[in-house]
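Counting convention: from 1, in listed order, for ligands and their atoms alike.
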Amino acid sequence: MLDDQEGPDNRSVIETLNRLCSIVEEEPDLHAICNTFRSELSKYCPSEAIELLSYSNDPKELLRIASSTDEPGGSRIRFDDDSSSWIELGKPDALYIFTDVKEAPFFVRDMAEKAGSSSAAIFARRERAGKRTILAVLAKEGYDISSWEKSESLVELLRGSAILLEYCKLISDMNNYRMDFLSLFDLIPIAIIQLDEKGTVKSANNEAELILGSGDPDRGIEEENVFKEESFKKSGIAALVRRALRGEDAEAENIRFRGADGRNRYLFVKLRSIIGSDGKRQIIGILTDVSARIQLQQQLERSYQTLTEAFHELQRADKMKSQFIDVVSHELRTPLTVIRGYLDMISHTRGDSLDPKLAQKLDSISLNTDRLYEIVESMLDSARIEKGAVEVVKQETSLKAMLEEIVASLRGLANEKHQELLLVDVGETGLVQIDTKKMRDALKHIINNAIKYTQDGGKIQVTLTDEGNMIHIMVRDNGIGIPLSEISKIFERFYIVAADELSHQVDRMGLGLPIAKGIIESHGGKIWVESEIGKGTVFHINMPKG
Ligand code: ADP
């Protein structure tokens with residue numbers, strides 16, 4: 001055959017290509033195929049090397065895909081501008097014979113020199129997606145390949161081999177992509193499974209093995225059948241697979257799955273039926289471990305229940321406290337009224353002859369009884385407000401006159417603390433319909449508080465402004481202020497702000513503000529507060545005119 005310079009006959013070409021095909025089928029290893037091809041070809045043309053190259057025009061690059069030599073695939077082949085134009089402009093699927101490589105483009109010359117060859121046959125495949133595959137046969141020194149040009153069968157053999165090698169490269173690329181994909185697949189923190197139409201697991205990623213696996217590292221879940229395994233049946237996954245196989249919607253939250261490690265996990269499962277590449281129905285599914293979320297949810301539910309119980313208990317205690325205060329206040333009120341009556345009588349009849357010491361004691365008893373009576377009244381007022389039973393008896397009143405009167409009555413108290421108590425910007429608001437006594441009590445209490453919670457030498461300002469439908473009253477002090485966290489609580493019954501500087505303050509009941517609020521609101525008004533600790537407090541009151 002070696003002497004047959006005309007090349008192989010058609011039958012030999014087919015046989016050679018068949019042999020190459022079966023190698024590709026068995027194991028598509030590019031290096032091995034290059035070598036086999038080289039030995040097959042040596043029957044017609046002994047060669048130093050077979051090189052399979054890939055040329056890309058953007059960016060311009062010439063890479064070795066595979067070689068019969070030990071050169072690694074992926075290495076760069078040196079080429080110049082002439083080489084790239086030669087490759088780009090070359091005819092598709094054409095054979096070029098260089099009996100003297102000195103006349104060949106630079107890249108052929110360079111390869112031939114390295115291989116120790118002086119003639120070469122280059123088969124350039126047609127361009128596909130900006131790439132051309134080049135099969136180079138670097139002939140043995142002294143072998144004449146000039147006759148190859150005339151041999152159609154040889155061209156066919158080279159074309160067939162180039163196509164086969166290209167195909168082989170494609171398979172190897174696909175295998176690489178598959179490996180990349182599988183690695184990625186295993187990194188995903190979501191379990192992914194694939195089942196056949198009989199419910200047998202065909203593939204599963206790492207997360208699926210972890211969640212659903214048997215716990216035996218040597219035995220994965222592949223080939224397990226979801227219709228046979230207890231854990232799949234009990235959890236309801238098997239039923240879901242059945243639904244998916246019927247083409248129904250197969251998605252479920254909170255599936256409780258007991259794994260081989262004995263752990264109960266809550267899973268979100270979503271399955272879908274698809275037709276695989278083999279034309280058969282199969283199921284693909286994702287499973288997410290939602291145990292942490294479910295546990296949190298359960299904890300929250302438990303906490304909510306505990307809180308609700310505690311809240312009801314508090315409500316009950318609060319109700320009992322209110323009932324107790326109601327009863328005590330009512331019970332105290334009657335004897336106190338009697339005592340006050342007697343004290344009144346005594347003070348009117350005692351005359352000047354009474355022992356001064358006894359007179360002083362009597363005055364003290366009277367003062368404290370009045371104070372006690374006021375407290376009892378406050379308690380009863382607050383109880384009424386809480387029940388919504390405040391009776392408002394309106395009459396025409398001048399708020400301006402009322403504020404002037406209150407300020408005058410409290411001036412003595414402010415003077416004792418060397419405070420400046422001023423009515424500023426008090427506009428004329430005309431007469432308004434209010435319960436005079438109750439509103440006076442409410443406003444007096446707020447101004448009294450400003451004096452009480454402002455240090456000696458402080459400043460308290462009261463303003464009254466007509467704002468159309470509303471009258472706005474402001475009581476501003478530069479006192480101790482109220483912490484932000486307490487502001488929403490000071491209108492609650494019996495709530496007092498705990499602060500060191502207030503520890504000496506004795507007359508604190510925590511009833512004034514809730515009563516004032518109740519009175520203002522029963523007039524359709526509103527009260528709110530702004531405060532900054534150490535800087536002072538402003539109480540705002542909005543009262544409707546009607
Ligand atoms: P009390 O009888 O304690 O004054 P109040 O219901 O009038 O009861 O007020 C509740 C709490 O609000 C007070 O104990 C005090 O801590 C705080 N407070 C009220 N007014 C002022 C103010 N002008 N400046 C600072 N704190 C105040």
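Checking Arg281 against Ser273 by side-chain atom types alone, a donor-acceptor pair falls below 3.5 Å. With no hydrogens or angles considered, no side-chain donor-acceptor pair links Arg258 and Ser231 at under 3.5 Å.
Between Glu467 atom CD and Asn542 atom CG the span is 6.0 Å, to the nearest 0.5 Å. The distance from the CD1 atom of Ile286 to the CD atom of Glu251 is 8.0 Å, given to the nearest 0.5 Å.
Ring pair Phe232/Phe257: centre-to-centre distance below 6.0 Å.
Arg493 contributes no side-chain N or O that, together with a main-chain N or O of Pro514, makes up a donor-acceptor pair within less than 3.5 Å.
The atoms of ligand 1 that sit less than 4.0 Å from any heavy atom of Tyr495 are 10 (C), 11 (C). For ligand 1, the atoms lying closer than 4.0 Å to a non-hydrogen atom of Lys452 are 1 (P), 2 (O), 4 (O). In summary, the atoms of ligand 1 found under 4.0 Å from a heavy atom of Pro514, numbered by their order in the structure, are 6 (O). Shown in contact with Ile496 at under 4.0 Å from a heavy atom are these atoms of ligand 1, numbered in order with element: 3 (O), 14 (O). Here is the list of ligand 1 atoms found below 4.0 Å of a heavy atom in Val497: 14 (O), 16 (O).
Residue-level proximity to ligand 1 for Glu486 is absent, since no heavy atom of it falls below 4.0 angstrom. Within the 4.0 Å heavy-atom criterion, the part of Thr537 lying near ligand 1 is the side chain and not the backbone.
Contact between Leu443 and Leu403 at its shortest, heavy atoms only, is CD1-CD2, 4.1 Å. When all heavy atoms of Ser291 and Arg265 are compared, the closest pair comes out as OG-CA, 3.5 Å.
In this structure, Phe491 has no heavy atom closer than 4.0 Å to ligand 1. Not a single heavy atom of Gly479 sits less than 4.0 Å from an atom of ligand 1.
Residue Tyr453 has at least one N or O atom closer than 3.5 Å to an N or O atom of ligand 1. The shortest N/O to N/O separation between Ile482 and ligand 1 does not fall below 3.5 Å. Checked by distance only, ligand 1 and Phe539 stay at 3.5 Å or farther apart across all their nitrogen or oxygen atoms.
Of all the listed residues (Val538, Asp477, Ile460), Asp477 holds the heavy atom that lies closest to atom 23 (N) of ligand 1.
Taking a cutoff of 4.0 Å between a charged side-chain nitrogen and a carboxylate oxygen, Asp441 and Lys437 qualify as a salt bridge.
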